Amino acid sequence: MTRIADLLAQGPTLSVEFFPPKTDDGAAQLARTVDELEPLDLSFVSVTYGAGGSTRDRTRDLVVQLNAERGYPAMAHLTCVGSTRAELAELLEDYDRSGVHNVLALAGDPPADGSPAGGDFTYALELVELVRARGDHFSVAVAAHPELHPRSPDLASDRDHLAEKLAAADFGVTQFFFDADVYFRMLDDLGERGCTTPVLPGLMPLSNPTGIARMAEMSGASFPTELAARIEAADEGDRERIVVEAAATLGQTLLDGGAPGLHLYCLNRSPVALAVSDALGLRS
Ligand code: FAD
């Protein structure tokens with residue numbers, strides 16, 4: 001199976017993130033989306049993993065299915081906080097046997113009620129090391145937060161930990177952001193720490209202003225007030241056009257500045273991902 005790290009070296013790549021659906025309707029919607037995205041000739045897709053392993057089997061089944069049936073690799077998100085070493089080793093063994101060799105190694109979030117997470121892990125770097133121990137046929141990605149991880153006390157220490165984690169991984173994927181400068185500033189900060197591991201920017205072309213504001217707050221991303229105001233003032237039909245234009249402009253600036261590809265948070269829907277790709281001339 002193709003290692004995504006090798007695809008990035010030939011980039012630029014185009015990829016999307018899916019989440020494992022909970023219902024039959026959601027599964028049907030995702031199956032349609034996967035078909036509708038075929039014309040994009042995607043480099044790879046990634047599949048999220050519910051907090052504390054809550055979607056463990058659904059994530060696993062979707063990743064294995066996409067990886068086997070589609071012409072691109074599927075990358076399994078995997079979180080470690082709250083899990084034991086034996087549990088994660090068993091899941092990695094299953095992925096290895098099933099031909100899935102691309103993993104996004106994440107810490108995940110501790111329980112929201114403040115109760116102890118339990119398990120054997122605290123930081124994503126420990127999971128990177130667990131995946132690495134399986135051998136070089138695995139490609140390991142990690143998360144990057146250009147605007148500071150929400151739990152970090154300060155930017156400098158966050159960048160230090162990010163540089164250390166990226167040095168152990170093959171590439172990074174960012175949390176979504178709306179201003180290209182925050183991405184390039186992060187790369188500069190990493191460069192100053194001797195880290196040149198490629199980092200894929202993540203784009204969130206979402207046209208529901210309440211949804212974006214909520215997700216931005218949760219993930220520590222700032223949502224530009226000017227863009228928010230334009231989306232808010234527009235009617236339903238115009239909102240999508242504004243969001244697509246903004247995402248395409250951001251995507252072009254990132255690619256022009258040397259980003260190794262674009263990762264789209266498509267929320268299991270195709271229209272906006274297709275429109276952004278068209279605006280960027282990326283449909284093959
Ligand atoms: P880490 O890299 O471990 O960092 C977490 C915090 O700890 C940071 O503040 C960091 O600065 C700090 N830190 C790191 N190392 C040290 C150290 N040695 N000492 C002190 N502090 C340290 N969550 C899910 O549950 N499922 C998903 O599928 C999922 N997918 C994601 C995909 C992407 C692209 C991104 C950006 C995030 C995703 N998340 C997902 C969210 C992620 O799990 C949370 O942001 C989580 O809080 C941190 O994960 P991390 O891997 O960045 O953690």
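Just follow the structure's listing: the first ligand is 1, and inside any ligand the first atom is 1. Keep in mind that this is a model prediction, so the values were computed, not measured. Worth knowing before you read on, the calculation uses all heavy atoms, side chains too, and leaves out hydrogens, waters and symmetry mates.
In the candidate list Gly108, Pro150, Ala143, Gly53, Ala143 is nearest to atom 35 (C) of ligand 1, counting heavy atoms. Between Met218, His149, His77, it is His149 that holds the heavy atom closest to atom 48 (C) of ligand 1. The nearest non-hydrogen atom to atom 24 (C) of ligand 1, considering only Tyr265, Tyr123, Tyr49, comes from Tyr49. Of all the listed residues (Leu106, Leu166, Thr55), Leu106 holds the heavy atom that lies closest to atom 31 (C) of ligand 1. In this comparison of Gly52, Pro153, Ala124, Ala51, the heavy atom closest to atom 3 (O) of ligand 1 sits on Ala124. Selection from Ala107, Ala76, Gly82 by nearest heavy atom to atom 49 (O) of ligand 1 gives Ala107.
Separation of the His77 and Phe18 ring centroids does not fall under the 6.0 Å cut-off.
Salt bridge Glu36/Arg269: absent, no basic N to carboxylate O contact under 4.0 Å. Under a 4.0 Å N-O distance rule, the pair Arg70/Glu38 qualifies as a salt bridge.
For the pair Glu164 and ligand 1, no heavy-atom separation below 4.0 Å is found. The shortest heavy-atom distance from Phe121 to ligand 1 is not under 4.0 Å. Proximity of Leu125 to ligand 1 is not established, as no heavy-atom distance is less than 4.0 Å. Using a 4.0 Å cutoff on heavy atoms, Leu104 counts as a contact of ligand 1.
The protein atom (non-hydrogen) at minimum distance from atom 11 (O) of ligand 1 is Asp158 OD1, 2.6 Å.
Looking at His263 against ligand 1, nothing comes within 4.0 Å, counting heavy atoms.
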Please tabulate, one pair per line, all N/O donor-acceptor pairs under 3.5 Å involving side-chain atoms of residues 172-188, not counting sequence neighbours.
residue	atom	partner	partner atom	Å
Thr174	OG1	Gly202	N	2.8
Asp179	OD1	Asp181	N	3.0
Tyr183	OH	Val199	O	2.6

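Hydrophobic cluster membership of Leu155, counting Ile, Leu, Val, Met, Phe, Trp and Tyr whose side-chain heavy atoms lie under 4.5 Å apart directly or via other members: Leu148.
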Criterion side-chain contact (heavy atoms from CB on, under 4.5 Å) on Val276 and Leu280, from CA distance to verdict: CA-CA 6 Å; Val276 171; Leu280 285 163; 3.9 Å; yes

